[in-house]
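Working notes, beginning with the structure itself.
It should be emphasised that the depicted structure is a prediction, and the values quoted were computed from it without experimental measurement. Every chain is numbered from 1 and lettered A, B, ... according to where its sequence line falls, protein lines coming before strand lines.
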2 protein chains.
Amino acid sequence: MTTVGIRDVARLAGVSVTTVSHVLNETPHTRVADETRDRVRDAAATLGYGPNLVAQALRTRRSGLVGLLSEEIATTPHAGRIILGAQEAARAHGLTLVIVSAERGNNAEAHRADIQALLDRQVDAVLYATMYHRNIAVPANLVDVPAVLIDATEGTGALPSVVPDERGGAVAAVRHLAEAGHRRIAFLNNDDDVPATHGRLAGYRQVLSEYGIPFDELLVGASPSEPAEGYALAKEILSLQRPTAVFCYNDRMAMGAYRAARELGLSIPDDLSIVGFDNQEIIAANLFPALTTVALPHYEMGVWALETAIGMFADGAERPPGPFEPVLLPCPLVPRDSVAPPRQP
Amino acid sequence: MTTVGIRDVARLAGVSVTTVSHVLNETPHTRVADETRDRVRDAAATLGYGPNLVAQALRTRRSGLVGLLSEEIATTPHAGRIILGAQEAARAHGLTLVIVSAERGNNAEAHRADIQALLDRQVDAVLYATMYHRNIAVPANLVDVPAVLIDATEGTGALPSVVPDERGGAVAAVRHLAEAGHRRIAFLNNDDDVPATHGRLAGYRQVLSEYGIPFDELLVGASPSEPAEGYALAKEILSLQRPTAVFCYNDRMAMGAYRAARELGLSIPDDLSIVGFDNQEIIAANLFPALTTVALPHYEMGVWALETAIGMFADGAERPPGPFEPVLLPCPLVPRDSVAPPRQP
DNA sequence: CTGAAAGCGCTTACAG
DNA sequence: CTGAAAGCGCTTACAG
């Protein structure tokens, strides 16, 4: 690969490198004769010239790189959608995404080192994504660069951050059930102290009061948010109580609820309607019947974060002072086949 | 962020930048007094100096960046494991991974542009990953740089490539069933003309002959590799034939087979043993009973590709001439709970 | 309208 | 054992 430089273009066009730079970059306030412009462009095209972005970065002190530090890139498809959103937004702005998967175990010191590596690379900004919505303490050196949090908040409001509107998503889910006519709606919650647990419960309660349905604590349970535990919890609540619908903290618990319903001889959706949360395609679309659920805005959070970061380092943009309120992105309902009106009483 | 440069270190240590560079990089064949070394290191440490990698890249003509072009980053967790493998290998070698998600639709021209963007960034190598094992035609400009294919082969052998040992994985799966005592083993295959279809069938047939089991075409069927179609196919074969075990092309089809078995009143694993392929955690671990399956070596392919790429651009390394034979990585059996000996006949 | 020259932050022969 | 100087490929005042 013979590498062609700006000098080669200048020589072929018979102009100086200054002029080549001006026309190729369309430098504002610079008049260049049309005829010269064309000559330069032709020369660049015939040589297949593309500027060396490393040199450009050194000179302009802008690398065009944005770093994405993500926990657990591999284990969840969610991370993939964040990456995709950030990546497509980056490409749309001529930026390149550099990714590093954070060490497991939440080792703050290791994260600091990962961020330092990104800083040494001169990234223009860093995006910091956690694997699920939570409150975190950020590594100290994150303040050395425009940074934004994805799926995470941090108490002080020092950084812009974007998270799912958990409550709003739950409201959509439970309203969907209520609108279908359900009044005895169980809720299988997670038992971790994380924002989604509280937010989804709040949404559930909100809809109950909207519809004047009394809160019945026998219809609400909490367990680890996995299929096996969801199954046990569903079995208990479905056996003792007689809800006509159940809203599950996530699709994995809904998987368990499907099994419980099956074992109790309850047919979905005729005997029991179920709504999940997370929209994990591989579960939701392939359960039988397909699961109605609520989508998490991972792609959108990736886009939002990237664009917010750009706003922090773009020319002329002042880095906003903060403190920042977390931005909530909507969690839309994804209707499939697991909801029907309750049977006639 | 006041950025500290090599000059600041030199000034503080009372030496030239040349000397700072030598000691920090441990340039071979360079004698520096121990006392000077220490002074330099102390100065760098107290200033928190890290070299500007952009400047270093420009000067050494080595960016330390490797690009990963991956189709469909978001839709499959597989891509995540490739990224993770490549990323961790990159970090271990002081390299940084740059990722770009290829346009959907397999648009060769768009891929060419994505690769060009990577080349403009001066990446030292590019890794090209497809979303499932297949034969492809690579964009022409990929030959301008050390490149390796992940999960893909390309006819001419122009590029190193790494793919799963489909046949070996199928052999492990079917042997596992045969060793448990099964002799009537059905195979639910995919119906696409892709390497995995042929490889897994070959592995199935190989084990049959190892055990002297005649090939019975009534026990073998093919359909799209999704739960719904797997269900239909399983229902047909399980109703008409009476296999004691079924080997499924992938975990999604196995999901369908579970449902078929349930509807036919067959209990897994007592009445019917099932083995899948792909080890999609979210399915395999959460089906009930948990699915015994075969893992695809995505993480390992990511590592292999990154390290092979390094071998192509490292100092002193000659770029191997090719043609290259695809390297097969093993697909190990992941035993769970869906296999048992057949009932007494 | 166009170009000569300095400089981004490093590394690396070369000289002493 | 240590340092002065050139140069990687660009951009950008500045001058004409």
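Qualifying side-chain contact (heavy atoms from CB on, under 4.5 Å) partners for A:L69, counting only residues two or more places apart in sequence or in other chains: A:V100, A:A102, A:D114, A:I115, A:Y128. By the side-chain contact (heavy atoms from CB on, under 4.5 Å) test, A:V17 pairs with A:I6, A:R7, A:A10, sequence neighbours left out. Listed by chain and number, the residues in a side-chain hydrogen bond (donor to acceptor under 3.5 Å, both in side chains) with A:R37 amount to none (sequence neighbours excluded). Residues that satisfy the side-chain hydrogen bond (donor to acceptor under 3.5 Å, both in side chains) test with B:H22, not counting sequence neighbours, are B:T27. Not counting sequence neighbours, A:D38 has no partner by the side-chain hydrogen bond (donor to acceptor under 3.5 Å, both in side chains) test.
Residue B:T19 places at least one side-chain N or O under 4.0 Å from the OP1 or OP2 atom of D:dG3.
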Nucleotide pairing, DNA chain C (Watson-Crick or G-U, distances under 3.5 Å), in dot-bracket with [ ] and |: |||.||||||||.|||
Show me the donor-acceptor pairs within less than 3.5 Å that the side chains of residues 41-49 of chain A make with the rest of the protein, sequence neighbours left out.
unit_1 : atom_1 : unit_2 : atom_2 : d
A:T46  : OG1    : A:A43  : O      : 3.3

Reading 5' to 3' through nucleotides 8-15 of chain D, protein heavy-atom contacts under 4.0 Å coded B for base, S for sugar-phosphate only, - for none: BBBBBB--
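Pairs passing the side chain to side chain donor-acceptor pair (under 3.5 Å) check and including a residue from residues 50-62 of chain B, sequence neighbours excluded, read B:R62-B:D315.
Judged by distance alone, the side chains of B:Y299 and B:E88 do bring a donor and an acceptor atom under 3.5 Å apart.
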